[in-house]
Protein chains: 2
Amino acid sequence: MSSSRTSEQQMNYCKQLTKEEINSRLISVEKAADLEDLFKTLANETRLRILHALSISGELCVNDLSALLEMKTQAVSNQLQKLALYKVVSTRRSGVNIFYRITDPCVELLLERGVCMLESTNDPLAADTNTAETVKAAQIGDE
Amino acid sequence: MSSSRTSEQQMNYCKQLTKEEINSRLISVEKAADLEDLFKTLANETRLRILHALSISGELCVNDLSALLEMKTQAVSNQLQKLALYKVVSTRRSGVNIFYRITDPCVELLLERGVCMLESTNDPLAADTNTAETVKAAQIGDE
DNA sequence: ACACTATTACACGGATTAATGTACAATGTC
DNA sequence: GACATTGTACATTAATCCGTGTAATAGTGT
C-alpha cells in the first residue's frame, strides 16, 4: 500500500498519461509567468472598463474616459500609465489632450472573448463557436 | 477654447461615436466585476499551472500536482481550495486521495486561448484563426 | 489501537495593488 | 505674463494576496 502510494509510476491519471507525457505538454514556468502578466492586465475592473471603452471607440483621452466611466481622472490616468508602461496602449498628444488606443492584440482579443462569454450567460461556449457558425453559414450561402 | 474643451458634445472620438453610443455598448460595472473575477482566476502563476495540468490530464490529486509542478502540497492545496470555492473545479475523494477536475468552461476556454497565444509568439492573432483555418481545410478536403 | 499518508485548516509575514489628494508639468487663450 | 485646463508625479493608506510552517483531520493498513 505504502509503496503504491508513493510510486510515481503508479499515479492515477484519468487519461492514462504518464508524468513524462503531461510534463512535456505542461506550460513552462517562464511561459506561465508571461501568461499571468497577460491575464493580470485584465484582472482589474478599472482597466477592463477603460480597455472596453477604447476597444469600442478606438481612441480616447483621459478626460473623456473619466467622464464616461464616472471616475476620477487620477484613477484613470494611473491605470493608463501602467497600460502604457506594459505597451498595452499607445499615446499621442494633441494640445493638452493625450489620447490612448489599444496596441496589444492579445489583450484586446482576450477582452472581447471575455465580454462575449459574459453576454452568453447560459452557454458560454456558444459565444466561442459563434464565429465558426457564422463562417459556415456564409459558406453555405455561397453554394 | 474653454467651452469647446468642456463640452461633452464636442469630445474628440476617432470613430465619431457619441458618448451615448459608447455608453450603450460599454460593459456595466457589475459585468466588469464578474469579468474581473474570471480573469483574476487565471492571473496567478500557480493556478495557471495547476489548471493547465488539469486540462491536459483531466483529473489529478493534490499529491500528483505538487510532484508534477514541483511545489509544496500546501501551496497547491491552498489554490485548489480557492478554485473549488469559486466552482472552477470539482472534487471527488478516493481513499486518502482527493481528485480535482476543471468544471468551469469559461476558465478552461480562456486558459487554452492564452496558452495558444503564447505559443504563437510572433503572430498571436494567428493562434486565434487556426481553428477557422482548420475547419476550412477540412471542408476543402471533403470536396 | 497505532502508524502512516494525504489533505486541509489556521495563522503569520511579506509583497503587491489601487484609489486618493496634493503638487507639479504641459498646453492654450487672453 | 496671468490664468485655466488637462494630465502626470508623488506619497499615503488600506486592502488583498500568497507561500510557508505548524496543527489538525480523514482515510487506510497492520
Side-chain angles (χ1 to χ4, degrees), chain A residues 1-8 10-12 29 32-33 36-37 39-51 59-86 89-101, chain B residues 1-8 10-12 29 32-33 36-37 39-51 59-86 89-101:
Chain A
M1 181 60 184
S2 66
S3 66
S4 78
R5 275 204 193 162
T6 59
S7 170
E8 293 179 356
Q10 298 182 1
M11 286 202 268
N12 299 307
V29 174
E36 176 190 35
D37 288 341
F39 284 118
K40 247 193 181 105
T41 297
L42 294 162
N44 169 268
E45 186 179 318
T46 300
R47 287 200 293 278
L48 273 176
R49 296 178 69 215
I50 287 171
L51 290 167
E59 189 180 58
L60 288 165
C61 62
V62 182
N63 220 21
D64 291 344
L65 276 166
S66 69
L68 263 174
L69 306 180
E70 294 177 353
M71 294 182 64
K72 290 200 200 305
T73 59
Q74 295 98 315
V76 170
S77 174
N78 200 23
Q79 295 303 330
L80 284 169
Q81 297 312 300
K82 279 180 180 278
L83 293 173
L85 178 65
Y86 299 131
V89 296
S90 64
T91 64
R92 92 177 155 86
R93 179 182 278 276
S94 177
V96 297
N97 296 105
I98 304 187
F99 288 90
Y100 292 80
R101 82 171 43 248
Chain B
M1 181 62 184
S2 67
S3 65
S4 77
R5 277 207 188 159
T6 58
S7 170
E8 293 179 355
Q10 297 180 3
M11 287 203 268
N12 298 307
V29 174
E36 175 189 35
D37 288 341
F39 284 120
K40 248 193 178 104
T41 298
L42 293 161
N44 169 270
E45 187 181 315
T46 300
R47 288 200 291 276
L48 272 176
R49 297 179 68 215
I50 287 172
L51 290 166
E59 189 180 59
L60 288 164
C61 61
V62 183
N63 219 21
D64 291 343
L65 276 165
S66 70
L68 263 175
L69 306 181
E70 294 177 355
M71 294 182 65
K72 291 197 199 308
T73 59
Q74 298 98 312
V76 169
S77 174
N78 201 20
Q79 294 303 331
L80 285 168
Q81 296 314 301
K82 278 179 182 279
L83 292 174
L85 179 65
Y86 299 129
V89 296
S90 63
T91 63
R92 93 178 155 84
R93 180 183 274 276
S94 176
V96 299
N97 296 104
I98 305 188
F99 288 90
Y100 291 81
R101 82 170 42 246

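The basis for the numbers below is simple: all heavy atoms, side chains too, and nothing from hydrogens, waters or symmetry mates. Bear in mind the structure is a predicted one, so any value in this text is a computation, not a measurement. Just so it is clear: chains get the letters A, B, ... in the order the sequence lines come, proteins before strands, and each one is counted from 1.
- Per the geometry, CD belonging to A:Glu70 stands 13 Å off P belonging to C:dT20, to the nearest Å.
- Nearer the 5' end of DNA chain C, as judged by each residue's closest nucleotide, is the contact made by B:Gln81, out of A:Val76 and B:Gln81.
- Under the 4.5 Å side-chain criterion, counting only non-hydrogen atoms from C-beta, B:Leu69 is not in contact with B:Ser66.
- Two residues are said to be in side-chain contact when any heavy atoms from C-beta on lie closer than 4.5 Å; A:Leu48 and B:Phe39 meet this criterion.
- Counting heavy atoms from C-beta outward, A:Val29 and B:Arg49 have side chains that approach closer than 4.5 Å.
- The side chain of B:Lys82 places an N or O atom within less than 4.0 Å of a non-bridging phosphate oxygen (OP1 or OP2) of D:dC18.
- As rounded to whole Å, 15 Å separates atom C1' of D:dT8 from atom CG of A:Leu83.
- Checking each of B:Val62, B:Ile98, B:Thr91 against B:Leu80 for a side-chain contact (heavy atoms from CB on, under 4.5 Å) leaves exactly one that passes, namely B:Val62.
- Residues A:Asn78 and A:Arg93 both approach DNA chain D. Their nearest nucleotides, taken by heavy-atom distance, put A:Arg93 toward the 5′ side.
- A:Thr73 has no side-chain polar atom (N or O) that falls below the 4.0 Å cut-off from OP1 or OP2 of D:dT8.
- Atoms CG (A:Leu85) and P (D:dT8) sit 13 Å apart, rounded to a whole Å.
- Between B:Cys61 atom SG and B:Arg92 atom CZ the span is 9.5 Å, to the nearest 0.5 Å.
- D:dT16 atom C1' lies 13 Å from atom CD of B:Gln79, rounded to whole Å.
- In this entry the distance linking CG of A:Leu69 with C1' of C:dA18 reads 15 Å, nearest Å.
- If you check C:dT20, D:dG7, C:dA26 against the side chain of A:Ala75, the one that comes closest is C:dT20.
- Not one side-chain nitrogen or oxygen of A:Gln74 sits closer than 4.0 Å to the OP1 or OP2 atom of C:dG21.
- Protein atom CZ of B:Arg92 is 15 Å distant from nucleotide atom C1' of C:dA6, rounded to whole Å.
- Put simply, NZ on A:Lys40 is 8 Å from C1' on C:dT16, counting in whole angstrom units.
- Closest to the side chain of A:Ile98, out of D:dG7, C:dA18, D:dG19, is D:dG7.
- For A:Asn44, a side-chain nitrogen or oxygen approaches OP1 or OP2 of C:dA18 to under 4.0 Å.
- Here the side chain of B:Val62 is nearest to one of D:dG19, C:dA18, C:dT7, namely C:dT7.
- Taking atom CG of residue B:Leu68 and atom C1' of nucleotide C:dA6, one finds them 16 Å apart after rounding to whole Å.
- For the pair A:Asn63 and D:dT6, the criterion of a side-chain N or O lying under 4.0 Å from OP1 or OP2 is met.
- At the phosphate of C:dA6, neither OP1 nor OP2 sits under 4.0 Å from any side-chain N or O atom of B:Ser77.
- Looking at the side chain of A:Lys72, the nearest of the listed nucleotides C:dT20, D:dC18, D:dA9 is C:dT20.
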